[in-house]
Amino acid sequence: MKGRVFDDTLLQLSTSDNVGTTVDDISAGIKINIDDRSVVLVEDVPFGHKVALESVDIGGEIRKYGEVIGKATQTIGVGEWVHTHNCESTRGRGDRATAEGETT
Amino acid sequence: MTHTFEGYRRSNGRVGVRNYVAVIPTSIAASSVVTAIADEAGPWARATPHQLGTSQPNRARQQTERVLAGIGKNPNVGSALVVELGTEDINTESLADSIASSGKATEILTIREAGGTSNALSEGSDRLSRLKAEADQAIREEADVSELFFGVECGGSDSTSGVAANPAVGAACDRLVEAGGTACFSETPEFIGAEHILADRCVDEDTHERLLERVDTREGMTELMGVDLRGAQPTPGNQDGGLTTIEEKSLGAISKGGTTSIHGIVDYGELLPTNAGLVLMDTPGYDVESVVGKVAGGAQIIAFTTGRGSTTGNPIAPVIKITGNPKTWNRMANNIDLNAGTVLNGESIDSVGSRIFETIIDVANGSRTEAEHRRLEEFAINEIQPEELTSEVNV
């Protein structure tokens, strides 16, 4: 598998990623050691979902696989669950183009 | 290490891993009849019922014809019966001629001329018996693994797909490409957000340009329809499985094609080139239609990865199911052939890829997949939508 698993709990696929993927259902309060620092989960995160390894400002890039997978729609703190409630795609927004009257 | 398998060599040189009599309707009006005829005959007869109507706009009809002809020409088909009601715009004779040009016995049954469904069923049964005798003349003989056309697909993805199952299938693609075969993956909407990586792997400028153009077109469809892709991609099921955005889904999805150079991009259902390495096909993200496109392109075997669990098969090509989610493996092992979830416990991608490659050879030799055991044979042809046709006219 690409990447590194920390404490048998959280997979970071690329060193530049600011989110990790859980490899099991993880409960709030669990502390995960990542090299010389640690991340404490602030909420329950289900298997296969993402946890912020760094804080991200509104509009900040979310990185996984060493690539940008979306932007933060609100400020995200370390240890928070990252999903559709606080991260969105920048692609395929035909609704916006129509609303703005764009044609291309 | 050289790999061979025992397959059915057709007169056009392509090699089947199955030897079916295909029963192909030209429209929905003949779909119930083909299903009844094939069910009555037995598992050697395979119906490909679909929902497309007797009249379609030109470009949509041409695509339907291309897919139906490709299904008949697929080397897993030993002979074919084309069934029409008798009002279809599709020229049934030219369709049958196209199938016959791949060197196999092909007949036409017209429901109206037969005198209705009851007579069509009995006449269909007689014709299938003759066509089976033709197909039975084929015998398995040794073929090289480089003669395989291997289609890869994903459906019901979750976050394990991009970490375990897809890269493992990608490792199997790499082996097949190294051995001289053709591997194909598709689902253009799932290139969105990862197209820069694919574009960098294209062998020439033309392929590079065409790839980016196809991704633009698919992304542009959300504008044509005035919709937000987020409602459909990732799907609600993908989102439950941890996938947040289409970029994240795409970055995981493209790993199922492996790491080799991209040698071309073909249209939906277009013939896949021989000994071509890794080739893309421009298909929708809907997995059943996407699998059918690749089978119409000549793929004899499909590998299908799933995280959430999928049961999809195909009437003509065996579908090998692989999951990277250990929970799905435990829950749905009777629908899934291979567990790639072992990657999460330390098995290397390469090792799982090796298991998948060996399974491909076994299946090519006749070993049946879980979907085949259960006769799961979904079939659907992509229909070009009015918005797409209008956009084409305006360009």
Test item: A/C87 and B/E248 side chains (from C-beta on) under 4.5 Å apart, heavy atoms: no
B/Q233 vs A/R91 side-chain heavy atoms within contact, under 4.5 Å: no
Rounded to the nearest 0.5 Å, what's the gap from [atom1] on [X] to [atom2] on [Y]? Could you check?
X      : Y      : atom1 : atom2 : value
B/L243 : A/K50  : CG    : NZ    : 6.5 Å
A/R63  : B/E247 : CZ    : CD    : 14.5 Å
B/I254 : A/Y65  : CD1   : OH    : 9.5 Å
A/E67  : B/S250 : CD    : OG    : 11.0 Å

Between B/G252, B/G220, B/P189, the one whose heavy-atom pairs under 4.5 Å with chain A are most numerous: B/G252
Closest-packed option against chain A by number of heavy-atom pairs under 4.5 Å, given B/V163, B/T160, B/V352: B/V163
B/T245 side chain to A/I69 backbone, donor-acceptor under 3.5 Å: yes
Reference residue B/T244; test side-chain hydrogen bond (donor to acceptor under 3.5 Å, both in side chains); the match among A/E88, A/H83, A/H49, A/H85: A/H83
Considering only heavy atoms, which portion of [X] lies under 4.5 Å from any heavy atom of chain B: side chain, backbone, both, or neither?
X     : value
A/D24 : side chain
A/I62 : neither
A/V5  : neither
A/T21 : side chain
A/V45 : neither

Residues of residues 322-329 of chain B contacting chain A, heavy-atom criterion under 4.5 Å, by residue number: B/N325, B/P326, B/K327
Heavy-atom closest pair, residues B/S159 and A/G48: OG-O, 2.6 Å
Neighbour count >12 (heavy atoms, 6.0 Å) for atom CG, A/D8: no
Heavy atoms from other residues, nucleotides or ligands near CD of B/E178 exceed 12 (cutoff 6.0 Å): no
Contacting region of B/D350 [heavy-atom separation from chain A under 4.5 Å]: neither
